[in-house]
Amino acid sequence: MDEEFAVDLDELHQAVDLMSRDFSNTEGLYLPIELPRFGIGSTAALNSLAPSILGRAARLGEATSFAHMDPPTPWITWAITLWNASLNQNLLHPATAPVARQMEQRVVAWLAPFFGMNGGHMTPGSSLANLTALWSARECAGVTQVIASDGAHLSIAKAAHILGLKYLSVPIDANGSLDAAQLPTDLSKSTLVLTAGATSTGAIDPFVLARRAAWTHVDAAWAGPLRLSKYAHLLAGIESADSVAVSAHKWLFQPKESALVLFKDTEKAHAAVSFGGAYLATPNVGVLGSHGASATALLATLLAWGREGVAQRIEHCMDLARCLRDFVATDERLELYAEPQTGIVVWRPKDENLFDQVLRQLPVGSTSTTSIAGGKWFRNVAANPNADIDLLIGTIQGVLQCS
Ligand SMILES: *Cc1c(COP(=O)(O)O)cnc(C)c1O
């Protein structure tokens, strides 16, 4: 028996204990330049890496973290991820992942109805979910063109490029949503991509446009999980889509890589993107070959929290964004890009000379920047239920006072 492949609870416990140690003063990253000939052993390797990996990472759950779409993850997902790594199931083969495949089907079955879809599968992110959906659209609806707004995620243009489809980008309106007046009238050879929660602005495209094109795909990578909350109505009409992408590693608080591609007619959509190699007991559906059991972490989280537990956390995030919005809207030194729709607040100082100065003084990880129609803006994303919004507002006020 090679001990490196066996459970050593003492050493695993030590590795877990390292997670609660304070490595915040760690500087530099000391790694061998060349692949070492002899190893130092697993415990020594963990001890030598912990200060950098644990000490120098961005802390997505800390009070000032409010900049990006990356959420902190609940501890139940850490436990499941450990199980997953030890089992190394491959969902490509029913034989190596009998239970994990069932769990993926169940978690998809739980979530798809919130979007009016009847099934789908998991992917490692919405970039791949978008690619998969646009691939199905090309096969099922014979489209030759993809149309999305200027505010759409870059993965849409990338997918069109990979699939050899023309890509047409339509201007956004003053709120960041696709400007319906600018759409071509003939969409009979097109996939129309509508975004639910644009990456820069959080804007939602008009879902009344769904069904006008040969295929409608909704990229709900960011805002999709609102469907489980009291804000479900913000995405009303999403059920008219032919396919939907949702990232679970954003607003469902999952570790990367975790997302879903969902279809209205899953049987047809899956059949269009399936290949059966001789050694496969079931056809390989979609873009991925071997892939892991990220579904088990998502299922465990949903089992632990229930829909209400998910809703409560997302609604809390929406409240945090609302507080920041109210502060920006009432401070005359500041300007709001537009009313936040899905927990993303875009703003800036009215005096553009202050932009860089303010940015430099805000805590790292509290605020990101984005460029919209050539203008520079600050962007805050409510992905962290543990954010202390009064602290962030106080910091912004302090910085403005001194500027
Ligand atoms: C984040 C995002 C994506 C890409 O998703 P990944 O999970 O990062 O691959 C696609 N579309 C939108 C609107 C996003 O915000």
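Order of appearance sets the numbers: ligands from 1, and atoms from 1 within every ligand.
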Enumerate the pairs of nitrogen or oxygen atoms, one from ligand 1 and one from the protein, separated by less than 3.5 angstrom; state names and distance to 0.1 Å.
residue  : atom   : partner : partner atom : Å
ligand 1 : 7 (O)  : S126    : N            : 2.8
ligand 1 : 7 (O)  : S247    : OG           : 2.9
ligand 1 : 7 (O)  : H249    : NE2          : 2.7
ligand 1 : 9 (O)  : S126    : N            : 3.2
ligand 1 : 9 (O)  : S127    : N            : 2.8
ligand 1 : 9 (O)  : S127    : OG           : 2.8
ligand 1 : 11 (N) : D219    : OD1          : 3.1
ligand 1 : 11 (N) : D219    : OD2          : 2.6
ligand 1 : 15 (O) : T199    : OG1          : 3.0
ligand 1 : 15 (O) : K250    : NZ           : 2.9

Side-chain donor-acceptor pairs of residues 285-297 under 3.5 Å, sequence neighbours excluded:
residue : atom : partner : partner atom : Å
S290    : OG   : N90     : ND2          : 2.9
H291    : ND1  : G289    : O            : 2.8
T296    : OG1  : N84     : OD1          : 3.0
T296    : OG1  : N84     : ND2          : 3.0
T296    : OG1  : A293    : O            : 2.8

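Applying the ring pair (Phe, Tyr, Trp, His ring centres under 6.0 Å) test between W347 and each of W377, F355, F378 identifies F378 as the sole match.
Crowding of K256 atom NZ: a count of heavy atoms from other residues, nucleotides or ligands under 6.0 Å exceeding 12. For H13, the NE2 atom is loosely surrounded, since the number of other residues' heavy atoms within 6.0 Å does not exceed 12.
E104 places a side-chain heavy atom less than 4.5 Å from the side chain of L91.
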| field | Pair K376-D356, salt bridge (charged side-chain N to carboxylate O under 4.0 Å, His left out): steps then yes or no | value | CA-CA 10 Å; K376 283 197 299 183; D356 292 328; 3.7 Å; yes
